[in-house]
Amino acid sequence: MIDQRSVHTIILEQSYDGIALVDEQGRFLEWNRSLEYITGLKRSEVQGRPCWAVASQLLPGGAKPMATYERLKTAVLSLLETGESPSRVEAVIQAPDGTRKLICVTSFSIKTAQGYMLGMIVRDSTNGNLLEEELQQLDQSEKLVPRCMVGYEKVNRQFQLEIAKRKQVEQALSRQLEISLAITGLSRKLLSPATIEDISDLVLEHAKHLTGSKYGYVGYIEPETGYLVCCTMTRDIWDKCEIEGKDIVYKRFGDLGGWVVRNEKSLLTNSPATDPRSAGTPPGHIPIERVISAPAIFNESLVGIITLANSPRAYREQDLALIERLADLYAIAVHRKRSEDALRISEANYRAIFDGADDAILVHDLQTGIVTDVNQKACQMFGCRLQECNPKRGGRLINLPQYARDSVGKWMTEVAKGEPLLFESTLKEQDGASLSIEVSLKQAVIGGKESAVAIVRDITRRRQLEREMLRLDRLHLVGEMAASFGHEIRNPMTSVRGLLQVLGDKPECLQYKEIIDLMIGELDRANSIIQEFLSLAKDRAVDLKVQNMNSILEAVFPLIMSDALLQEKYIEVELGDVPALPFDEKEIRQVILNLVRNGLEAMPPRGCLTIRTFTEGNEVVLSVRDQGTGIEPDNIEKIGNPFFTTKEQGTGLGLAVCYSIAARHGATIRIETGSGGSTFFFGFPRPDNG
């Protein structure tokens with residue numbers, strides 16, 4: 001009977017509030033009579049069922065969304081795993097008979113050998129229901145009185161003790177709930193973007209509220225100097241402190257907070273004036289009655305401190321434990337903030353170097369080959385925009401080099417082996433021009449992903465210079481040969497020509513007149529070739545005089561026109577306003593004649609050759625454009641090489657001479673060719689003040 005039942009069972013059954021107990025797996029173990037009355041669900045209906053299923057059943061409305069069920073389940077399992085107590089909540093429930101009630105639920109965690117259990121106290125807050133419940137409980141109590149007279153006083157004393165203990169538990173739970181809510185809210189805010197100063201203010205606000213302290217400060221250690229920066233002192237201490245030369249930056253640590261910094265240990269004292277750890281307070285300092293302080297330590301390194309003073313009651317160990325929890329959170333927040341700042345600086349520096357590089361840089365995903373990032377130079381080189389390489393849009397640039405367009409899988413496989421690759425490729429630009437590139441591919445980890453970094457360098461200009469140097473070397477070699485034996489060949493040829501002329505005038509040789517004239521013509525042709533050959537000489541003297549390109553062109557125009565008329569072709573001349581420059585007139589005449597004769601020979605009858613002079617940038621340009629069939633791509637690189645020609649009767653020295661003359665004048669030759677003809681541009685540098 002009554003003496004055989006536990007006091008706990010009596011309290012459970014006689015409590016005005018609904019009481020439930022949930023085991024470590026989330027199933028209901030206990031469901032008292034008051035809770036049956038509040039919810040309309042019997043103990044037998046809920047015992048052993050998951051608490052989230054019962055809670056979902058009591059929600060108002062018809063069919064409950066599965067998302068609500070899963071959310072309740074996740075929340076309960078999280079509480080059982082961590083042991084954290086949720087906040088006190090109010091909710092509207094609907095009993096099986098359709099009655100709706102407003103309830104207040106207070107939950108608390110219970111540590112067991114297997115983990116955590118969950119206790120719940122449920123109170124019906126619906127208007128009018130409280131009085132009815134009290135009357136019902138009183139009626140039930142009165143019915144028990146006749147049966148419980150034996151040992152009633154003993155049970156009553158135990159009951160009163162249990163009630164007192166319950167009040168203490170409720171107060172402790174309420175306090176713990178307040179602390180947990182504060183810690184949870186603080187943790188959430190500390191993860192949001194904020195400065196260390198704002199984080200310090202937030203921590204101080206919670207610390208003062210939870211301990212009832214009047215004063216306090218939260219400071220961080222400056223990693224560069226080791227100084228303590230108490231940025232929060234300006235909130236409520238600064239105006240009251242009358243210390244001369246006060247500063248929020250502490251370079252030396254003499255007070256109780258300094259003891260905490262030096263020793264990296266927590267401190268609690270309710271009599272700081274007599275505490276042996278205190279070095280005293282300087283004149284003008286605010287009166288200190290009580291102090292608690294805790295260091296903020298991350299990875300065994302001191303990053304800050306929390307200090308509170310002058311609570312209206314004595315500080316307890318529970319207060320110090322609370323401040324230590326806040327200090328742990330503060331240490332994490334300071335470290336995270338510094339890491340984020342360092343990462344932002346690092347990323348900014350990386351991006352500045354990345355985009356400032358003079359070479360194109362492309363980052364590939366090593367598994368798929370997709371381009372995940374490019375720098376500004378790559379955008380310029382390949383004619384793309386940064387958003388076009390977004391992986392969500394396929395990660396493809398509009399004009400990737402050959403290795404990435406056709407053989408990306410092959411190159412990614414090679415790079416994945418760990419060996420860097422270096423090779424050259426050719427890229428066709430939109431205007432048809434060729435772009436020579438040098439590609440360096442290396443494996444790297446970027447943003448935690450295996451990547452391949454391609455550094456693409458435009459070597460078109462380098463290759464052009466190399467070809468030009470090779471051509472000049474050949475010209476110089478031929479010039480040295482010409483200077484060595486050119487004159488020696490011409491001397492015997494002159495003698496032979498003279499003897500042939502003498503023989504041609506003798507009567508007995510008249511029958512050989514045609515043969516002798518042919519021999520003399522061939523000797524003259526050989527002499528002209530030697531003359532051009534001698535023009536290639538590296539050390540040939542140049543007679544430079546300041547004169548106008550247009551004047552030289554006008555002087556040779558009659559000779560050009562006569563050549564064109566003989567071939568039934570036309571000449572157009574467009575003379576621009578060009579400045580006078582230092583020229584060797586004979587050599588410039590030879591350049592004009594060589595270019596014009598090549599152009600005329602490249603055109604069919606009735607074709608038109610256009611000669612222009614104009615200024616472009618810092619150059620005076622002579623251009624000759626024909627209407628021929630253009631130059632074959634395979635022959636472009638060979639143009640200007642000595643003895644290279646596509647003519648049956650050509651010597652291959654005409655353009656070689658032009659390149660040699662250009663070198664002596666510091667000029668450049670550029671060629672544009674296509675199916676509609678070719679244009680040679682001869683550019684002479686102007687003086688800076690030109």
Side-chain angles (χ1 to χ4, degrees), residues 475 528 531-532 534-536 540-628 630-631 639-640 647 650-651 653-674 676-690:
L475 289 175
S528 66
Q531 182 62 38
E532 290 184 346
L534 289 173
S535 298
L536 301 177
R540 176 168 177 166
V542 180
D543 184 16
L544 297 177
K545 294 181 181 179
V546 176
Q547 48 197 313
N548 195 284
M549 174 69 73
N550 293 344
S551 301
I552 300 175
L553 192 56
E554 289 171 350
V556 299
F557 183 74
L559 182 58
I560 295 172
M561 184 58 71
S562 64
D563 286 346
L565 292 175
L566 289 174
Q567 300 179 42
E568 298 182 6
K569 297 168 186 176
Y570 302 97
I571 301 289
E572 286 188 1
V573 178
E574 301 176 8
L575 302 180
D577 183 14
V578 297
L581 296 176
F583 294 124
D584 184 315
E585 183 177 354
K586 291 182 180 180
E587 292 199 333
I588 299 304
R589 281 174 176 244
Q590 188 172 1
V591 167
I592 295 172
L593 291 174
N594 286 356
L595 294 178
V596 168
R597 286 169 180 167
N598 283 346
L600 291 173
E601 291 174 359
M603 295 191 303
R606 299 188 177 278
C608 181
L609 186 80
T610 303
I611 305 172
R612 295 177 59 216
T613 59
F614 57 92
T615 59
E616 184 177 68
N618 201 37
E619 288 185 334
V620 172
V621 182
L622 166 69
S623 72
V624 178
R625 178 167 59 87
D626 62 53
Q627 294 180 339
I631 303 172
I639 294 295
K647 305 173 188 175
T651 63
L653 291 174
L655 283 177
V657 169
C658 291
Y659 274 94
S660 182
I661 293 172
R664 288 195 286 271
H665 283 76
T668 58
I669 298 178
R670 182 167 54 90
I671 306 172
E672 291 182 0
T673 186
S678 302
T679 305
F680 282 77
F681 298 91
F682 210 107
F684 297 88
R686 292 194 304 171
D688 293 339
N689 59 359

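For Cys658 against Asn594, the heavy-atom pair with the smallest separation is SG-CB, 3.6 Å. A pairwise comparison of heavy atoms in Ala667 and Pro685 identifies CA-CD, 4.2 Å as the closest pair. Here the closest non-hydrogen pair linking Gly628 and Met603 is N-CG, 3.8 Å. Gly630 and Ser678 get closest at one heavy-atom pair: CA-OG, 3.5 Å. Here the closest non-hydrogen pair linking Pro582 and Leu544 is O-CD2, 4.0 Å.
How far CG of Asp577 is from CG of Asn548: 8.5 Å, rounded to the nearest 0.5 Å. Taking CG from Leu581 and CD1 from Ile588, the interatomic distance works out to 9.5 Å, rounded to the nearest 0.5 Å. The distance from atom CD of Gln627 to atom OG1 of Thr679, rounded to the nearest 0.5 Å, is 10.0 Å. The distance from the CE atom of Met549 to the CG atom of Leu622 is 5.0 Å, given to the nearest 0.5 Å. Going from atom CG of Leu593 over to atom CG of Asn598 covers 11.0 Å, rounded to the nearest 0.5 Å. Note that CD1 of Ile671 and CZ of Phe681 are 10.5 Å apart. Values are rounded to the nearest 0.5 Å.
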* To do: Start with the C-alpha distance between Glu619 and Thr668, add both sets of side-chain angles, then the distance that settles side chain to side chain contact (heavy atoms under 4.5 Å, CB included), and finish with yes or no.
  => CA-CA 10 Å; Glu619 288 185 334; Thr668 58; 3.4 Å; yes
* To do: Please report the C-alpha distance between Arg589 and Glu585 in whole Å, then the side-chain angles of each, then the deciding distance to 0.1 Å, and finally whether the side chain to side chain contact (heavy atoms under 4.5 Å, CB included) criterion is met.
  => CA-CA 6 Å; Arg589 281 174 176 244; Glu585 183 177 354; 3.3 Å; yes
* Kindly determine whether Asp563 and Val596 satisfy side chain to side chain contact (heavy atoms under 4.5 Å, CB included), including the steps that lead there. => CA-CA 9 Å; Asp563 286 346; Val596 168; over 6 Å; no
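Applying the side-chain contact (heavy atoms from CB on, under 4.5 Å) criterion to Ala564, with sequence neighbours excluded, gives Ile571, Leu600. With sequence neighbours excluded, the residues satisfying ring pair (Phe, Tyr, Trp, His ring centres under 6.0 Å) with Phe682 are Phe684.
A distance-only check finds a donor-acceptor pair linking the side chain of Gln547 to the backbone of Lys545 [under 3.5 Å]. Checked by atom type and distance alone, the side chain of His665 pairs as donor or acceptor with a backbone atom of Asp584 at under 3.5 Å.
Here the side chains of Leu559 and Ser562 are in contact, with some heavy-atom distance below 4.5 Å.
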Please table the atom pairs, donor to acceptor, closer than 3.5 Å between any side-chain atom in residues 606-616 and protein atoms at least two apart or in another chain.
| residue | atom | partner | partner atom | Å |
| --- | --- | --- | --- | --- |
| Arg612 | NE | Glu574 | OE1 | 3.3 |
| Thr613 | OG1 | Asn550 | OD1 | 2.7 |
| Thr613 | OG1 | Gly576 | N | 3.0 |

